[in-house]
Asker: 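This is the structure I want to talk about, given as structure tokens.
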Amino acid sequence: MKHNFHTHTTRCKHAIGTDEQFVQAALESSFDVLGFADHAPWAFQSDYVSHCRMLPTQWAEYRQSILTLKEKYRGQIDIRLGLECEHYDRYIDQLKRWRDEGCEYFILACHFLHTEEHYPYIGISCREDDEVLRYAEETVKGIRTGLYAYVAHPDLYMMYRDELSPVCMEAADMICQAAKDARMPIEYNLLGLLGEMTGRSRGYPNADFWRYILKWDNDVILGVDAHDPAQLRNSIVWDEGVKRLNALGHRIVDNIL
């Protein structure tokens, strides 16, 4: 089954294309399942306004748009409503409310520690060893809640790291052991792979990370992390991701629900 549970919309302020254009692109590329998981619309306690996620007031419209497409294309493609969420202890009630309002799944993605109101983007902060371990600790905490379907780009912390140092190995072990214990897949991020293949590397997926964690025998799920319908049409990147994972001996899974 060809799947993608990691699709964004223009509401996150850094994607292009209409919701329906993503569906049409997925159909053209013979996807069986298309999950929308735009960045969670956290209602922050301060007056901070995020530059990389939908506004809280857009949640209802996002939900209705995806559910409408779900019905329109029923029988052609399985469309699912999700959110890509950090694990913020202070805002966990919001996540549970979205679930009660029909959100079918959450992707765990630690972009910021604790809350982006006060902390920098994790890829930048993880240049420091202690921040790498904090990233791993926060990710593990999210895994253990049982609220999330899988871990997006678990090797995000390698964005600006030159090598898989002992600290980076420790972080990989922490995340992969927790995911293994929870029977939770980890994601091989195809947006990052696209960047690598086109000379605009994001630092992940990190080849050393994926070789190192083979010992954990985690379930691995492909995530297009689509911010443009064209990325769903790019079968070359999809095939390359499958090829690399198979060459290493990772087990690819195709569903989360």
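Starting from 1, each residue takes its place in the sequence as its number.
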Asker: Once salt bridge (Lys or Arg N to Asp or Glu O under 4.0 Å) is applied, do any residues pair with Asp78, and if so which ones, sequence neighbours excluded?
Answerer: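 Only Arg80 meet the salt bridge (Lys or Arg N to Asp or Glu O under 4.0 Å) criterion with Asp78.
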Asker: Decide side chain to side chain donor-acceptor pair (under 3.5 Å) for Glu84 and His6; before the verdict, give the C-alpha distance in whole Å, the side-chain angles of both, and the deciding distance to 0.1 Å.
Answerer: CA-CA 8 Å; Glu84 182 182 12; His6 197 165; 3.1 Å; yes
Asker: Determine, stepwise, if the pair Trp238 / Asn4 fulfils side chain to side chain donor-acceptor pair (under 3.5 Å).
Answerer: CA-CA 10 Å; Trp238 178 275; Asn4 177 53; over 6 Å; no
Asker: Applying side-chain contact (heavy atoms from CB on, under 4.5 Å), can you list everything that pairs with Arg202, at least two apart in sequence or on another chain?
Answerer: Leu191, Tyr204
Asker: Any side-chain donor paired with an acceptor under 3.5 Å for Asp155 and Asn206?
Answerer: no
Asker: Could you check whether Arg144 pairs with Asp181 (Lys NZ or Arg NE/NH1/NH2 to Asp/Glu carboxylate O, under 4.0 Å)?
Answerer: no
Asker: Might you work through the side chain to side chain donor-acceptor pair (under 3.5 Å) test for Glu61 and Ser65, ending with a clear yes or no?
Answerer: CA-CA 6 Å; Glu61 184 272 330; Ser65 175; 4.6 Å; no
Asker: For Asp217, which residues count as a salt bridge (Lys or Arg N to Asp or Glu O under 4.0 Å) partner, sequence neighbours excluded?
Answerer: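 Applying salt bridge (Lys or Arg N to Asp or Glu O under 4.0 Å) to Asp217 gives Lys180, Arg251.
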Asker: In the single-linkage hydrophobic clustering (I, L, V, M, F, W, Y; side-chain heavy atoms under 4.5 Å), do Ile92 and Ile143 co-cluster?
Answerer: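 Linked, Ile92 and Ile143 end up in one cluster.
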Asker: Determine, for Lys70 against Glu104, whether the closest basic-nitrogen to carboxylate-oxygen distance falls under 4.0 angstrom.
Answerer: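 Between Glu104 and Lys70 there is a salt bridge, with a charged N closer than 4.0 Å to a carboxylate O.
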Asker: Check whether any side-chain N or O of Gln94 sits under 3.5 Å from a backbone N or O of Ala43 as a donor-acceptor pair, and report yes or no.
Answerer: yes
Asker: Would the distance check show the side chain of Ser29 and the main-chain N or O of Ala26 forming a donor-acceptor pair, the cut-off being under 3.5 Å?
Answerer: no
Asker: In sequence, state the C-alpha distance, the side-chain angles, and the governing distance for His3 and Asp254, and then conclude on side chain to side chain donor-acceptor pair (under 3.5 Å).
Answerer: CA-CA 6 Å; His3 61 275; Asp254 60 12; 5.4 Å; no
Asker: With sequence neighbours excluded, what pairs up with Ser165 under the side-chain contact (heavy atoms from CB on, under 4.5 Å) test?
Answerer: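 By the side-chain contact (heavy atoms from CB on, under 4.5 Å) rule, Ser165 matches Arg161, Val167, Cys168.
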Asker: So which of Trp59, Trp98, Tyr48 actually passes ring-ring contact (aromatic ring centres under 6.0 Å, His included) with Trp42?
Answerer: Trp98
Asker: Is the shortest distance from a Lys or Arg side-chain nitrogen in Arg97 or Asp100 to a carboxylate oxygen in the other one below 4.0 Å?
Answerer: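 A salt bridge is absent here (no side-chain N lies under 4.0 Å from a carboxylate O).
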Asker: According to a hydrophobic-cluster definition based on side-chain heavy atoms being under 4.5 Å apart (Ile, Leu, Val, Met, Phe, Trp, Tyr only), do Leu214 and Ile175 belong together?
Answerer: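 They do not share one cluster, since no chain of ILVMFWY contacts under 4.5 Å joins Leu214 to Ile175.
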Asker: Please confirm whether the backbone N or O of Glu128 pairs with a side-chain atom of Glu131, one donor and one acceptor, at under 3.5 Å?
Answerer: no
Asker: Ignoring hydrogens and geometry, is there a side-chain-to-backbone donor-acceptor pair from Lys2 to Asp32 under 3.5 Å?
Answerer: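 Absent.
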Asker: Excluding sequence neighbours, so at least two apart, what forms salt bridge (Lys or Arg N to Asp or Glu O under 4.0 Å) with Arg233?
Answerer: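 Once residues adjacent in sequence are excluded, the partners of Arg233 under the salt bridge (Lys or Arg N to Asp or Glu O under 4.0 Å) criterion are Glu28.
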Asker: According to the interplanar angle, ranging from 0 to 90°, do the rings of His227 and His39 count as parallel (below 30°), tilted (30 to 60°) or perpendicular (above 60°)?
Answerer: tilted
Asker: Are the side chain of Tyr135 and the backbone of Pro154 linked by a donor-acceptor contact shorter than 3.5 Å?
Answerer: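 Side chain of Tyr135 to backbone of Pro154: a pair is present.
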Asker: Quick check against the 3.5 Å criterion: does Arg134 have a side-chain atom that pairs as donor or acceptor with the backbone of Leu113?
Answerer: no
Asker: Report the residues that fulfil salt bridge (Lys or Arg N to Asp or Glu O under 4.0 Å) with Glu187, sequence neighbours left out, ordered by chain and then residue number.
Answerer: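 Per chain and number, Glu187 pairs via salt bridge (Lys or Arg N to Asp or Glu O under 4.0 Å) with no residue.
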Asker: If you group Ile, Leu, Val, Met, Phe, Trp and Tyr by side-chain heavy-atom gaps below 4.5 Å, do Met197 and Val242 land in one group?
Answerer: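 In one cluster: yes.
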Asker: Do Tyr212 and Asp173 come close enough that some side-chain heavy atom pair is under 4.5 Å?
Answerer: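 In contact.
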Asker: Regarding Arg11 and the six-membered ring of Tyr62, is the cationic atom NZ or CZ under 6.0 Å from the ring centre and inside 45° of its axis?
Answerer: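 The answer is no, since Arg11 fails at least one limit relative to Tyr62.
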Asker: Please assess Glu196 against Arg244 for the test salt bridge (charged side-chain N to carboxylate O under 4.0 Å, His left out), listing each intermediate value before the final yes or no.
Answerer: CA-CA 13 Å; Glu196 177 189 330; Arg244 292 189 184 193; 3.0 Å; yes
Asker: Any idea how Tyr188 and Trp210 line up, ring-wise: parallel (<30°), tilted (30 to 60°), or perpendicular (>60°)?
Answerer: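 Perpendicular, since the angle between the ring planes exceeds 60°.
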